[in-house]
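Structure record follows, encoded as structure tokens.
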Amino acid sequence: MSVIRFGLSYWKKYIPLFLLSQICSLAAILCDLALPLFSAGIIDYVIACDPANPPAQTGNLFAFLYTGNYGAPGTWQLFAFAAIVFCGVLLARILLIYIKNVTFQWCGLQMENALREDTYVKLLELDGETLSHYNMGELLTAMNRDTIIFKDLFSRVVMNLFDSVCVIAISVIVLTSFDYKLLFLPVIIAPLFAVSLSLYLKKAHALFKEIRAGYSELNLAVQENIGAVRIVRSFAGEETEMRKFDAGNRKVQQLNDDQIKLTAKYNSVFTAFQQIGYVGTVIAATLLVLSGQIYLGALTAATTYVTKIISHITQISRSCFAMQNQLVSGGRLQRFLNETGRVPDYPSSLVPSRRPDIQLQDVGLVLGEKQVLSHICLNIPYGKKVGIMGGTGSGKSALVKSLSRIYDVTSGEILLDGKNIKEYSLDALRAEFSYVFQDVFLFSNTVDANIAFAQPECDEQTVLRAAETAQAARFIEHLESGYQTIVGERGLGLSGGQKQRVSIARALVKNAPVMILDDASSALDMATERRVLSSLKAEAPEQTLIIVAHRVSSVLDCDEILYLRDGEVLERGTARELIEQNGAFAAVYRMQTSDCQLDDSSYGKEEL
């Protein structure tokens, strides 16, 4: 029931149109159920009528139409009048169904759109640690397939159930007006049908869970291969990936085959009930006609109503079957939209200054069960240049990500202008930082649109200046369409160094007071890296700059360098002080110096 309540929280926005649809639906049902009575009247009062001995008033609700002043029984005048009324009711039914379908489907599309928007917003709100509990296939399935399937519960199945209940109830009342004995078979069949339906739905729900999981796995396989197409080709792994995809595809196919077989099996049972009910009613109604208890027209109407009762009971079973799939999708959406991030956003009117001072006081961070940072203390007054080095897994990236609450520290506190960063809203806090990550992501858009991502309305001159500072202008100008060149997802078509420079230009356009380069020059040669860093410092000499790097050359002229090991600060000081300490930093310096890694005389001269 919680899934139903979750869906109603969206559907209730469209209550006025929903009521209009329900009214139109009910009116269309009344028109539809009136047609067999009109047909019965035409048979009794026109076709099979003896004008000398017309039938008396019967249980037909519209008998007054045939015994009034619209023509004598058994005449063409009465037939013409009855035919006109019949066609009028039929046209009214068609118009009402059209209005019902348009309004209901419109409501469904609005609900689907709202669900997809909320899912996307939640995707952007949640932190990386929370999202790591979902694979990409699950997220894609939730965004697309689940939203479409779940809205059908309210835009299609609910209406079908409403229609079926109304049809069954009204048909039972009308049959009773003919003769209560005509309800004998439907009453016997109903319990058998209910038992079969219960077994059917139990198996269907379990099967739809497996199908949904199968589609998620398939989406994940496709998404991974799109992102890793170059790796797959370089390792000649096409055949292996194809086998993996085929296995997932066959699994989904088999599950859908099982669904088809299950549906066919129970549809056969439901159809058998329907045929038994129809044939039995024809026999019962014929006996009642022969015994003079009902007229011939009532026989045709009774068989129609019994058929409608059985067919709508079948429709209820199909709707309940479809509902199992929709409830599974709705449950997944509900779980995702109710997900609480590990980095909550606290509403606040506080705004950091444009010259922020940063302090880390005994900061610790645990991710999962691993202690990533321990006892980190650091003062970064505005304008300071800080370098962070350390081996792989030493906690460098986790440290800089904690500054803007990409990760929330688990002990100690980080202060911005003397206030805990949790006292600021996430938007206000993150506006203070421009990040450039090692793993660069470029959108499927033009180069200039990627550079202007943080400020889409910025002028062309701002983009050009940022590209020049990031040493990206020359290679961009040599692209086929220059700044209007479309780069593929994740920067497909550009080299690693080119993507990193575009990413640096993107961070420059944001113009935040603190810039963080998280191993952002790893794909650059040393000469290009030096030019980039020199340009950054010349462009904004007072800007705080935090550089995470593996290469000593990246941090040599920083005001302070931290060398991390196992999440703790092992050494700190200027480059000269650390070299004189003859510790871990000095060892790295000597190794890179002896390998001539600090000699940039032959690098980057022809770099575009």
Side-chain angles (χ1 to χ4, degrees), residues 1 3-5 7-8 11 18 21-33 35-36 93 96-97 100-101 104-105 107-108 149-176 182-208 259-281 302-331:
M1 289 301 295
V3 177
I4 300 293
R5 288 194 296 272
L8 286 174
W11 191 250
F18 170 74
S21 295
Q22 296 293 72
I23 291 169
C24 290
S25 181
L26 182 58
I29 288 170
L30 292 173
C31 289
D32 182 49
L33 295 178
L35 294 177
R93 174 178 176 270
L96 289 166
I97 289 175
K100 175 198 79 170
N101 288 338
F104 225 70
Q105 289 303 318
C107 291
I149 290 174
F150 188 53
K151 66 93 177 177
D152 278 345
L153 173 62
F154 295 88
S155 66
R156 190 183 306 276
V157 172
V158 168
M159 180 60 79
N160 288 341
L161 290 172
F162 174 81
D163 288 353
S164 296
V165 170
C166 289
V167 168
I168 291 171
I170 296 172
S171 295
V172 167
I173 293 171
V174 175
L175 280 174
T176 304
L182 294 172
L183 294 173
F184 180 70
L185 272 175
V187 169
I188 291 178
I189 290 173
L192 299 175
F193 192 92
V195 172
S196 300
L197 180 60
S198 176
L199 295 172
Y200 179 44
L201 296 182
K202 184 177 180 180
K203 293 179 180 179
H205 189 80
L207 188 56
F208 276 125
Q259 175 202 328
I260 292 170
K261 291 174 183 177
L262 180 67
T263 304
K265 174 183 175 181
Y266 280 93
N267 276 348
S268 298
V269 175
F270 301 145
T271 301
F273 288 149
Q274 186 175 357
Q275 294 303 317
I276 292 170
Y278 176 78
V279 173
T281 302
T303 54
T304 301
Y305 286 121
V306 170
T307 300
K308 286 184 178 294
I309 289 173
I310 301 297
S311 64
H312 277 275
I313 290 176
T314 303
Q315 180 169 296
I316 288 175
S317 75
R318 290 172 180 165
S319 297
C320 291
F321 174 75
M323 190 183 293
Q324 305 313 303
N325 189 20
Q326 292 150 358
L327 290 175
V328 169
S329 292

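Since the model is a prediction, treat every value here as computed from it, not as a measurement.
Heavy-atom minimum distance, F150 versus Q326: CD1-O, 3.3 Å. Closest approach of W11 to C107, counting heavy atoms only: CH2-CB, 3.4 Å. Between A27 and L96 the shortest heavy-atom distance is CB-CD1, 3.5 Å.
Remark: D163 pairs with K100 by the salt bridge (charged side-chain N to carboxylate O under 4.0 Å, His left out) rule, at least two apart or across chains. For the side-chain hydrogen bond (donor to acceptor under 3.5 Å, both in side chains) test, residues two or more places apart in sequence or in another chain that qualify with D32 are R93, K308.
In this structure, the side chains of Y305 and I170 stay at 4.5 Å or more apart for every pair of heavy atoms. In this structure, I149 and V328 have side chains that are not in contact, with every pair of non-hydrogen atoms separated by 4.5 Å or more.
The distance from the CD1 atom of I168 to the CD1 atom of I173 is 12.5 Å, given to the nearest 0.5 Å. Residue T304 holds its OG1 atom at 10.5 Å from CG of L33, rounded to the nearest 0.5 Å.
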Can I get a per-line list of side-chain donor-acceptor pairs under 3.5 Å for residues 155-162, giving both atom names and the distance, sequence neighbours left out?
residue	atom	partner	partner atom	Å
S155	OG	K151	O	3.0
N160	ND2	R156	O	3.4

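A donor-acceptor pair under 3.5 Å is absent between the side-chain atoms of S25 and the main chain of S21, judged by distance alone.
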